[in-house]
Amino acid sequence: MTGNDDTDGERQDFIREIISEDLATSKHAEVVTRFPPEPNGYLHIGHTKSIFLNFGIAEEFGGRCHLRFDDTNPVKEELEYIESIKEDVRWLGCDWGERLYHASDYFERLYDWAEDLVRAGKAYVDDLSAEEIRAHRGTLTEPGKPSPYRDREADENLELLRAMRDGKYPDGDKVLRAKIDMTAGNINLRDPVLYRILRATHPRTGDRWCIYPTYDYAHGQSDAIEHITHSLCTLEFEDHRPLYDWFVDNLPVPSKPRQIEFARLNLTYTVLSKRRLLQLVKGGHVGGWDDPRMPTISGIRRRGYPPAAMHDFIERVGLAKRNSVVDLAMLEHCVRTELNRTAERRMGVLRPLKVVIENYPEGTSEELEAVNNPEDSAAGTRQVPFGRELYIERADFMEEPPKKFFRLAPGREVRLRYAYFITCRDVIKDDTGEVVELRCTYDPETRGGDSPDGRKVKATLHWVSAAHAVGAEVRLYDHLFNRPDPGADGDLLDDLNPGSLEVVDDAWLEPSIAAFGPGDRFQLERLGYFCVDPDSVPGKPVLNRAVTLRDSWAKVKAKSKE
RNA sequence: UGGGGUGUCGUCCAAUGGUAGGACAUGCGGCUCUGGACCGUAGGAUCGGGGUUCGAAUCCCUGCACCCCAGCCA
């Protein structure tokens with residue numbers, strides 16, 4: 001189901017249709033998919049599409065999904081990445097069970113098959129340099145020319161290949177190439193490289209090998225070895241498919257997998273490429289791979305996006321073959337929907353304005369009952385302390401309110417959530433004319449927030465008791481880039497949003513928030529959804545704002561400014 | 001000017017020869033102890049030109065636009 005359909009649960013995307021058909025016609029008895037990351041970076045939101053697709057299909061069709069590291073290039077790959085990828089996949093709720101594999105598990109078999117190809121006259125060792133190979137490859141419009149080494153005898157090739165494996169030649173000195181067709185329109189078929197000489201320590205095989213298979217030579221065969229039935233990948237591999245099939249058809253592999261391509265995910269205001277993400281991290285433009293502004297899985301986890309929201313998002317985005325860019329607002333909608341359902345409510349004030357309740361007895365306080373989650377009665381209630389001195393949000397008071405401003409103003413009565421109606425009696429300013437304190441009175445009859453005489457107020461404000469509040473640092477995030485297509489016409493860095501991070505270090509929170517630990521998510525009423533950051537220290541929580549609430553007042557305000 | 005793909009509301013995805021529909025976004029109402037949530041409602045699309053057909057987003061022809069490929073990256 002694509003998730004954007006509510007009348008027909010049968011509807012499927014084109015890949016699920018193919019699989020259903022393969023099952024119906026008994027082409028396959030079971031479905032086996034795989035998620036095949038290269039451990040050369042951190043996973044990002046784009047990968048969630050592939051992860052949920054592969055694991056989701058396996059689950060829906062009662063099959064299985066393998067986690068396979070495509071570790072064929074030790075120059076770029078690291079153990080650190082392997083660990084982070086596993087953690088991220090697990091966090092998304094996907095379980096590969098015992099089915100953890102690596103392309104490097106198959107290096108021995110892949111090599112044997114390479115000898116088979118050589119013996120069959122379908123592969124040869126080429127002495128040409130990388131530059132010469134490129135020159136011989138031709139261009140998009142001109143055919144390539146055969147290498148002078150293309151017609152070496154099988155025996156000589158075999159000897160050379162073994163010598164390559166045994167470390168007799170320096171890096172880059174020779175390669176093994178498939179002998180296919182130097183004039184093919186599809187450049188991938190112009191005698192692709194199968195093995196290159198690379199003296200690099202592999203994260204798993206160490207220094208056992210000095211030749212490594214290329215992606216093209218390793219991927220399809222790895223799929224076949226694992227009896228993958230449907231090998232799902234992104235569009236740019238579409239014209240590798242003939243090569244993929246060529247290997248599977250020319251090698252004694254145990255099964256014949258089918259590669260199917262789909263469009264990768266793109267998001268507005270976001271970059272999703274390892275190269276550009278690495279650029280942001282290495283350049284110090286963000287705090288690291290897990291900076292909450294990063295579209296990495298570790299970034300959004302720290303930011304407070306729940307895995308369930310990611311799943312919902314991927315379902316809604318759907319699956320097709322056309323390149324597209326999804327509106328970031330769609331993702332934020334999914335985050336809000338999930339958090340609205342599951343996150344408990346709390347109160348906190350970001351930019352405090354002191355309020356003194358003049359007719360509230362000095363030196364006393366009381367506890368008021370507050371609902372934890374109006375969307376979930378099972379979440380229960382909690383007690384919130386109230387006293388004579390409070391903080392409210394600075395933005396909730398205006399000395400000269402415009403027509404549509406419903407909040408506190410001189411002489412006006414509003415409700416303090418779950419507490420009392422208060423009326424603003426006096427405004428105290430400092431030398432510069434800035435409002436520093438409000439003198440108010442409360443109506444004891446309105447305890448809990450309802451007036452016995454049926455009197456209405458137009459606004460309800462959040463607040464905290466000054467005597468009980470916990471000081472906190474709150475990090476507010478905005479889009480990392482200030483245009484929907486960052487880097488589209490020029491330097492990516494020119495499009496960085498200088499206001500993407502705002503740190504508020506004198507926020508006040510209701511005391512119950514101290515009970516939350518890193519990773520816990522909750523709503524600060526009227527402000528948004530927040531997540532406790534690991535930077536928190538005892539007595540001084542650090543909060544990340546995952547996403548704001550929808551804010552129709554902000555829209556009214558923005559419109560009146562135009 | 002080689003090969004491989006893709007063109008449907010602003011955005012994403014459906015409609016598989018038979019009323020172009022949903023979601024997000026946007027506008028307008030309602031409701032509300034969160035200007036939240038929720039409910040209702042409106043506007044908004046088949047790349048162009050021919051053809052086949054009672055009937056075309058769908059089939060055919062022909063243009064056009066966009067994406068990918070010339071790593072010993074994946």
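Throughout, a chain's letter reflects where its sequence line sits, starting with A, and its residues are numbered from 1.
The partner of B:rU53 is absent, by the rule that a Watson-Crick or G-U pair needs both atom distances under 3.5 Å. Partner assigned to B:rG35 is none, using Watson-Crick or G-U wobble distances below 3.5 angstrom. When Watson-Crick and G-U wobble pairs are counted only if both distances are under 3.5 Å, B:rG27 pairs with B:rU41.
Mapping A:Phe14 and A:Ile133 onto RNA chain B via the closest heavy atom, the residue that lands nearer the 5' end is A:Phe14.
Base engagement by A:Tyr418 is indicated by at least one non-hydrogen atom pair under 4.0 Å involving a base atom. In this structure, A:Tyr217 reaches neither bases nor backbone, as no heavy-atom distance under 4.0 Å exists between it and the strands shown. Across all strands shown, A:Ala130 has heavy atoms under 4.0 Å from base atoms, whether or not it also approaches the sugar-phosphate. Counting non-hydrogen atoms under 4.0 angstrom, A:Arg177 reaches nothing in the nucleic acid. A:Tyr212 comes within contact range of no nucleotide atom at all, as no heavy-atom separation falls under 4.0 Å. As judged by a 4.0 angstrom heavy-atom cut-off over every strand, A:Glu238 is placed among residues touching the sugar-phosphate backbone only. Contacts of A:His219 with the nucleic acid, taken as non-hydrogen atoms under 4.0 Å apart, are absent. Among the atoms of the strands shown, only primed sugar atoms or phosphate atoms (P, OP1, OP2) are found under 4.0 Å from some heavy atom of A:Thr72. A:Ser552 comes within 4.0 angstrom of the backbone, heavy atoms only, and of no base. Within 4.0 Å (heavy atoms only), A:Arg241 reaches no atom of the nucleic acid at all. Across all strands shown, A:Val325 has heavy atoms under 4.0 Å from sugar-phosphate atoms exclusively, and none from any base.
Rounded to a whole Å, the CZ atom of A:Arg550 is 6 Å from the P atom of B:rU26. For the pair A:Asp327 CG and B:rC13 P, the interatomic distance rounds to 13 Å; values are reported in whole Å. To the nearest angstrom, P of B:rG4 lies 13 Å from CG of A:Leu140. Protein atom NE2 of A:His462 is 15 Å distant from nucleotide atom P of B:rG36, rounded to whole Å. Distance, A:Asn323 CG to B:rC66 C1': 8 Å, rounded to whole Å. Rounded to an integer number of Å, the gap from A:Lys458 NZ to B:rU34 C1' is 17 Å. Atom CD in A:Glu261 sits roughly 13 Å away from atom C1' in B:rC69 (whole-Å rounding). Atoms CG (A:Asp126) and C1' (B:rC72) sit 11 Å apart, rounded to a whole Å.
Contact check, A:Ser324 against B:rC13: a side-chain N or O comes under 4.0 Å of OP1 or OP2. Considering only side-chain N and O atoms, A:Arg322 lies under 4.0 angstrom from the phosphate OP1 or OP2 of B:rU8. Taking 4.0 angstrom as the limit, A:Arg134 places none of its side-chain polar atoms (N or O) nearer than this to OP1 or OP2 of B:rC72.
Here B:rU34 is the nucleotide among B:rU34, B:rG2, B:rC73 with the atom lying nearest to any side-chain atom of A:Thr460. Considering only side-chain atoms of A:Arg137, the nucleotide from B:rA25, B:rC13, B:rG71 that sits closest is B:rG71. Among the nucleotides B:rG36, B:rA74, B:rA23, the one closest to any side-chain atom of A:Arg316 is B:rA23. Of the candidate nucleotides B:rG36, B:rG71, B:rA74, B:rG36 has the atom nearest to the side chain of A:Pro374. The side chain of A:Glu236 sits closest to B:rC68 out of B:rC68, B:rU34, B:rG35. When the nucleotides B:rA74, B:rA14, B:rG35 are ranked by their closest atom to the side chain of A:Glu38, B:rA74 comes out on top. Residue A:Lys555 has its side chain nearest to B:rG27 when only B:rG27, B:rG35, B:rA15 are considered.
Between the side chains of A:Ser231 and A:Arg34, at least one donor N or O lies within less than 3.5 Å of an accepting N or O. Using modelled atom types, one finds a donor on one side chain and an acceptor on the other under 3.5 Å when comparing A:Asn54 with A:Ser50. Between the side chains of A:Glu525 and A:Gln523, no donor-acceptor pair of N or O atoms lies under 3.5 Å.
If you check distances only, the side chain of A:Asp239 does reach the base of B:rG3 with a donor-acceptor pair under 3.5 Å. Not a single donor-acceptor contact under 3.5 angstrom links the side-chain atoms of A:His136 to the base of B:rA70.
For the P atom pair drawn from B:rU41 and B:rU46, the interatomic distance equals 25 Å after rounding to whole Å.
Stacking annotation: A:Tyr215 is not stacked on the base of B:rA74 (requires ring centroids less than 5.5 angstrom apart and an interplanar angle below 30 degrees).
Ring to ring, A:Tyr244 and A:His240 are not that close: their centroids are 6.0 angstrom or more apart. In this structure, A:Trp553 has its ring center no closer than 6.0 Å to that of A:Phe406. Aromatic ring centres of A:Tyr217 and A:Tyr195 lie closer together than 6.0 Å.
At least one side-chain heavy atom of A:Glu369 sits under 4.5 Å from a side-chain heavy atom of A:Gln383.
Remark: the backbone N or O of A:Arg394 is not paired with any side-chain donor or acceptor of A:Arg351 at under 3.5 angstrom.
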